[in-house]
Amino acid sequence: MFELFSTRTRPGASSRSTPNRWDWALLPLVLAVLALMAYGASQMSRPFALGDELPISLDPAYLPYYLLRTILRMFTALGFSLLFSFVFAAVAAKFRTAEKAMIPMLDILQSVPILGFQAIAIAPFIALFPGNLLGVECAAIFAIFTSQAWNMAFSLYQSMRTVPAELNEAARIFRLSGWQRFWRLELPFATPGLLWNMMMSMSGGWFFLVAAEAISVAGQDIKLPGIGSYIAVAIEAENGRAIAWAIGAMMAGILLYDQLFFRPLLAWADKFRFEESQGDAAQQSWLLDWTRRSRWMKALSSAFWSGMRGALGWFRVPYDGTSIRARPKAPDPRWTRIWDSLLAAGALLATYRLVRFVHEDVGWGEVLHVIGLGGITLVRVMLLIALASAVWVPIAVWIGLRPKYSQRVQAVAQFLAAFPVNLLFPAVVFVMVALKLNPNIWLSPLIIFGTQWYILFNVVAGASTIPNELRLAAGNLGLEGWLLWRRVYLPAVFPSFVTGAITASGGSWNASIVAEYVTWGNTSLVADGLGSYIKQMTALGDFHRIALGIGVMCIFVMLLNRFFWRKLYLLAENR
């Protein structure tokens with residue numbers, strides 16, 4: 001049985017309060033992180049009113065400050081995304097009735113472009129914090145949240161639905177309540193995959209950073225101090241040198257939080273892998289080693305986990321597991337029918353409002369035109385997902401089976417996943433204009449550039465949890481080549497691949513808004529597609545057609561998920 005609330009401290013070690021050399025080594029690092037967080041937080045909540053200027057300098061000396069502000073926003077959004085994932089996945093996985101509405105809702109939320117969320121959220125947040133920059137900061141954090149949360153929520157939901165049967169049986173034998181089951185079994189089982197998806201979500205935040213930090217409201221452009229705004233100003237000024245400095249700052253930021261946050265978490269989470277570890281192949285982290293040797297950190301972690309273990313008793317099962325009360329009750333079919341009727345009524349009301357909107361505001365000819373553009377983008381997305389899968393699934397399995405190599409490529413993969421496609425615009429525009437290339441073909445790879453890593457990260461996480469016993473059994477049976485892949489590796493990583501492909505597909509539809517309409521200074525390259533349509537209507541301020549484009553994109557993503565990806569997901573869950 002997995003145990004989340006356990007520590008590796010030696011008996012009596014936490015009682016010694018005298019600091020050792022590791023405490024003194026960690027102290028400057030901890031104080032520096034706290035001081036930077038306090039300074040950044042104070043700058044995020046200073047006085048501000050609409051109309052005030054927030055100048056963005058392209059001087060590289062300002063990049064460390066911009067990097068600090070950006071990383072604070074991204075980690076704040078990551079924290080809220082984690083909380084959202086816990087609640088969403090737990091409810092959707094445990095309650096079949098709620099799942100009927102929540103999973104389609106997740107499909108819709110995943111397909112709504114970040115521009116759509118930002119347009120809705122900016123005014124309420126500014127009204128919530130009048131005269132303070134915190135309102136705009138909250139709008140930016142919310143926009144980053146929408147690029148992180150859906151992937152993490154679906155990953156945790158998928159892991160909770162695929163907990164092995166023997167572990168579910170053990171939870172029933174030990175009479176764990178739903179609260180205890182989540183913390184002792186489901187979350188520990190999902191932790192390795194969830195951590196990889198947290199890294200991917202951080203990278204997704206970088207990918208849409210320009211849209212999140214450069215905000216338009218009330219006819220005014222607000223550029224919050226940050227790397228995204230720096231990139232936006234550099235693109236407007238056609239300053240290639242500033243773009244290069246931004247790339248360097250991104251690399252430094254990703255390396256820092258990889259070493260100080262994700263690498264220690266991955267090394268710590270090795271104990272949750274659903275098989276015996278491979279000893280020297282386990283994840284390593286110098287920071288985690290330091291904290292395990294620090295007396296102060298041992299005492300602090302022991303106190304924290306002791307409190308968490310006490311919290312497990314809040315909702316324990318109050319009766320014997322063999323009694324009639326312990327047997328799960330079948331849901332009342334009347335309530336199920338009522339809920340299904342409410343969902344059907346909501347769907348009919350939405351259909352009526354949609355038909356009325358189309359008839360009165362945009363016209364059926366425009367709808368057919370937008371559906372045609374959606375079909376073009378659909379072909380692009382599916383072809384690119386297929387190509388990315390053919391390339392990255394074998395590579396990801398190879399990496400996942402060799403943990404020592406996964407550590408070496410981890411930071412590189414995070415950087416590539418985080419690399420905003422906007423930074424490629426100078427090279428893309430120069431090459432396509434010089435060679436007179438067709439935008440409908442050669443802009444397409446930009447759609448998958450930032451989203452193919454969802455497949456890589458999820459398959460790496462899935463391959464890393466293949467039991468050693470299964471690999472040894474395959475070796476004893478003489479399985480090799482394609483037969484080994486078909487019988488062992490591909491079935492083992494298939495659930496993780498489907499999760500990655502679903503999120504990659506949803507992210508690709510979002511990325512089409514950036515990739516199908518490329519600008520560099522006064523030069524624009526436009527490909528036919530739904531993404532470029534939404535981008536052009538946004539530039540024109542045509543809200544009816546913006547809503548039409550976003551609505552059609554949501555419908556395409558929902559139908560694709562319902563009739564293609566969900567079928568694959570059910571196949572993975574059942575087999």
Side-chain angles (χ1 to χ4, degrees), residues 106-107 110-111 147-148 150-159 162 190 192-208 262 266 377-402 405-406 409-421 444-466 485-486 489-512 515 557 560-561 564-569 571-573:
L106 190 64
D107 292 337
Q110 184 179 241
S111 61
S147 68
Q148 296 178 344
W150 324 134
N151 170 53
M152 293 168 55
F154 194 81
S155 169
L156 185 56
Y157 164 79
Q158 183 263 344
S159 296
T162 55
L194 180 62
L195 285 179
W196 280 95
N197 277 282
M198 285 172 63
M199 291 191 294
M200 186 64 241
S201 293
M202 281 289 286
S203 300
W206 283 101
F207 190 80
F208 293 104
F262 285 119
L266 285 171
T377 300
L378 173 65
V379 171
R380 287 197 182 106
V381 168
M382 296 306 294
L383 285 177
L384 291 168
I385 292 291
L387 290 173
S389 301
V391 172
W392 290 116
V393 167
I395 295 174
V397 171
W398 188 90
I399 294 172
L401 295 176
R402 297 163 178 81
Y405 290 105
S406 70
V409 303
Q410 179 179 314
V412 176
Q414 286 186 77
F415 173 73
L416 292 175
F419 196 88
V421 71
S444 298
L446 295 179
I447 293 177
I448 200 66
F449 182 83
T451 57
Q452 59 188 328
W453 315 111
Y454 287 105
I455 298 173
L456 174 66
F457 275 52
N458 277 277
V459 176
V460 166
S464 67
T465 59
I466 296 177
W485 280 84
R486 187 165 62 90
Y489 293 159
L490 292 181
V493 302
F494 187 63
S496 299
F497 164 74
V498 174
T499 300
I502 290 174
T503 49
S505 175
S508 295
W509 284 91
N510 256 310
S512 68
V557 173
L560 184 63
N561 287 351
F564 182 74
W565 295 120
R566 199 65 64 200
K567 299 292 185 182
L568 293 182
Y569 176 74
L571 178 65
E573 182 179 317

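- Side-chain atoms of Ile502 and Leu568, non-hydrogen and from C-beta on, never get closer than 4.5 Å to each other.
- With sequence neighbours excluded, the residues satisfying side chain to side chain contact (heavy atoms under 4.5 Å, CB included) with Leu195 are Thr191, Met198, Leu265, Leu266, Ala269.
- For Ser508, the side chain to side chain contact (heavy atoms under 4.5 Å, CB included) partners are Val381, Ile385, Ile447, Ile448, Thr451, not counting sequence neighbours.
- For Tyr489, the ring pair (Phe, Tyr, Trp, His ring centres under 6.0 Å) partners at least two apart in sequence or on another chain are Trp485.
- In this structure, Ile455 and Ala504 approach most closely via the heavy-atom pair CG1-CB, 4.1 Å.
- Residues Pro495 and Pro491 share a closest heavy-atom pair of CD-O, 3.7 Å.
- Between the CG atom in Leu384 and the OG atom in Ser512 there is a gap of 11.0 Å [rounded to 0.5 Å].
- With sequence neighbours excluded, no residue forms a side chain to side chain donor-acceptor pair (under 3.5 Å) with Ser496.
- Distance CZ/Phe564 to CE/Met382: 4.5 Å, rounded to 0.5 Å.
- Pairing each heavy atom of Ala463 with each of Ala396, the nearest pair is CB-O, 4.2 Å.
- The side chain to side chain donor-acceptor pair (under 3.5 Å) analysis of residues 383-399, with sequence neighbours excluded, yields the pairs Trp392-Gln452.
- Among residues two or more places apart in sequence or in another chain, the side chain to side chain donor-acceptor pair (under 3.5 Å) test is passed with Thr377 by Glu516.
- Taking all atoms of both residues into account, the shortest heavy-atom contact from Met152 to Ser201 is CG-OG, 3.1 Å.
- Side-chain atoms of Ser159 come within 3.5 Å of backbone atoms of Ser155 as a donor-acceptor pair (strictly under, hydrogens ignored).
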Query raised in the report: Checking side chain to side chain contact (heavy atoms under 4.5 Å, CB included) for the pair Leu560/Ser505: CA distance, chi angles, key distance, verdict?
Result: CA-CA 9 Å; Leu560 184 63; Ser505 175; 3.5 Å; yes
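- Under the rule for a side chain to side chain donor-acceptor pair (under 3.5 Å), the partners of Asn458 that lie at least two apart in sequence or sit in another chain are Asn197.
- Side-chain contact between Tyr157 and Leu106 is absent, with no heavy atoms from C-beta onward closer than 4.5 Å.
- Of the inter-residue distances, the one linking Ile466 atom CD1 with Leu401 atom CG reads 5.0 Å to the nearest 0.5 angstrom.
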